[in-house]
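These notes concern the structure reproduced below.
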Amino acid sequence: MEDIILVSVIVAILIIIPIIRFVLQYTEYKNSHYYRTTQNSYWSVFADSGKYGEYSLYQYLQPFESIGCKFLFNLYIPLENGKTTEVDIIMFHSKGLFVIESKNYSGWIFGHERQKMWTQTLPIGYGESHKERFYNPILQNATHIRSIRRLVDDRIPIYSVIAFSDKCTLKKVTVKSNNIIVTYYSQLLANLKLKLAEITTNSTISPDLIDETYIKLLPYSQVSEHVKWKHIAEK
């Protein structure tokens, strides 16, 4: 009888613990600024690697909210040719805008700042690997920044940030420009703090200008499904 009770308790614990974890995770998501801004459902985020990567990245950036930073996600910014470019995350800081491109990749990553295409190497077993080419995320983010620059005050500095998932290894990635950060999700907070420490205090932007810029860019993160589908079709 005691054995049956013990087994029943163990089974109950094994069932209850995942439920508690899910409830806590779900509650944390629903209370996040990411959810309030995007209105993406919990299930759509955790079923989509791109959205999940952005949300994971936001979680690393959350400490910046305590000093007044704001965030926008998935902005569809118009280009000069009439198409749109999708910006993953913008962090609004008193020292400038940080335009963040999220790459939820695995494998080994190779690339140079000036190369058009970078390489992702994925193991396929038995010592073999498969290579995928992808557009240089630094050049990709440069397009984002040019489109944003046309919309915001020239006094606001804009910095480029490329963040890769910790599932991958930046095997040989060469970046020489001072205003570009390429890093892992888990190291982004530390890298941004280092970058902010390099920026002189006289570069501080007024809270009113930051708020004005946030309000100006907010509509581009609240676009219709038609705009999103049009963006996908025009890629």
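Computed from heavy atoms alone, side chains included, the values below leave out hydrogens, waters and symmetry copies. In this chain, numbering begins with 1 at the start of the sequence shown.
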Margin query: Same cluster or not: L97 versus I215, using hydrophobic residues (I, L, V, M, F, W, Y) connected whenever any side-chain heavy atoms lie under 4.5 Å apart?
Written below: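 Result: no, two separate clusters.
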For the backbone of [Y] and the side chain of [X], can you confirm whether one donor and one acceptor N or O come within less than 3.5 Å of each other?
| X | Y | value |
| --- | --- | --- |
| T169 | K171 | no |
| H130 | L122 | no |
| D88 | S102 | yes |
| R150 | P78 | yes |
| T37 | Y34 | no |
| H144 | T85 | no |

Rounded distance [0.5 Å steps], [atom1] in [X] versus [atom2] in [Y]:
| X | Y | atom1 | atom2 | result |
| --- | --- | --- | --- | --- |
| N40 | Y29 | CG | OH | 5.0 Å |
| Q120 | K103 | CD | NZ | 10.0 Å |
| E113 | S177 | CD | OG | 3.0 Å |
| T38 | Q222 | OG1 | CD | 8.5 Å |
| T143 | R146 | OG1 | CZ | 4.0 Å |
| I210 | C69 | CD1 | SG | 8.5 Å |

Check: Does the side chain of Y55 reach to within under 4.5 Å of the side chain of L57, using non-hydrogen atoms?
Finding: no
Notebook entry, point to check: Mind checking whether H93 and L196 have side chains closer than 4.5 Å, heavy atoms only?
Noted result: yes
Margin query: Test question: given the 4.5 Å side-chain rule for I, L, V, M, F, W and Y, name all other residues clustered with Y184, or answer none.
Written below: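 Cluster partners of Y184: Y105, I109, W118, F134, I138, I162, F164, L170, V173, V175, I180, V182.
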Notebook entry, point to check: Got a sec, which hydrophobics cluster with L139, joining ILVMFWY side chains under 4.5 Å apart, including via others?
Noted result: M117, Y135
Next item on the list: Kindly indicate, with the supporting measurements, whether the criterion side-chain contact (heavy atoms from CB on, under 4.5 Å) is fulfilled by V152 and I158.
Entry: CA-CA 10 Å; V152 305; I158 304 178; 4.0 Å; yes
Next item on the list: Please work out whether the ring planes of Y159 and F98 are parallel, tilted or perpendicular, with thresholds of 30° and 60°.
Entry: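 Judged by the thresholds at 30° and 60°, the geometry between Y159 and F98 is parallel.
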Notebook entry, point to check: What about Y220 and Y76, are their ring centers closer than 6.0 Å?
Noted result: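 Not under 6.0 Å, so no.
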Next item on the list: Verify side-chain contact (heavy atoms from CB on, under 4.5 Å) between L72 and I89, making sure each step is shown before the conclusion.
Entry: CA-CA 6 Å; L72 286 177; I89 304 174; over 6 Å; no
Next item on the list: Apply side-chain contact (heavy atoms from CB on, under 4.5 Å) to the pair E101 and Q140, showing each step before the final yes or no.
Entry: CA-CA 8 Å; E101 175 67 21; Q140 182 184 5; 3.3 Å; yes
Check: Going by atom types only, do Y214 and K70 share a side-chain donor-acceptor pair under 3.5 Å?
Finding: no
Notebook entry, point to check: Do S49 and N104 meet the criterion of a side-chain donor-acceptor pair at a distance under 3.5 Å?
Noted result: no
Check: If you draw a 6.0 Å radius around NZ in K172, do more than 12 non-hydrogen atoms from other residues or ligands fall strictly inside?
Finding: no
Next item on the list: Sort out for me which residue in Y52, F73, F64 forms a ring pair (Phe, Tyr, Trp, His ring centres under 6.0 Å) with Y58.
Entry: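 Testing each of Y52, F73, F64 against Y58, the sole residue satisfying ring pair (Phe, Tyr, Trp, His ring centres under 6.0 Å) is F73.
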Next item on the list: Give a yes or no on whether a salt bridge exists between E54 and K51, defined as a side-chain N under 4.0 angstrom from a carboxylate O.
Entry: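 Judged by the 4.0 Å cut-off on N to carboxylate O distance, E54 and K51 do not form a salt bridge.
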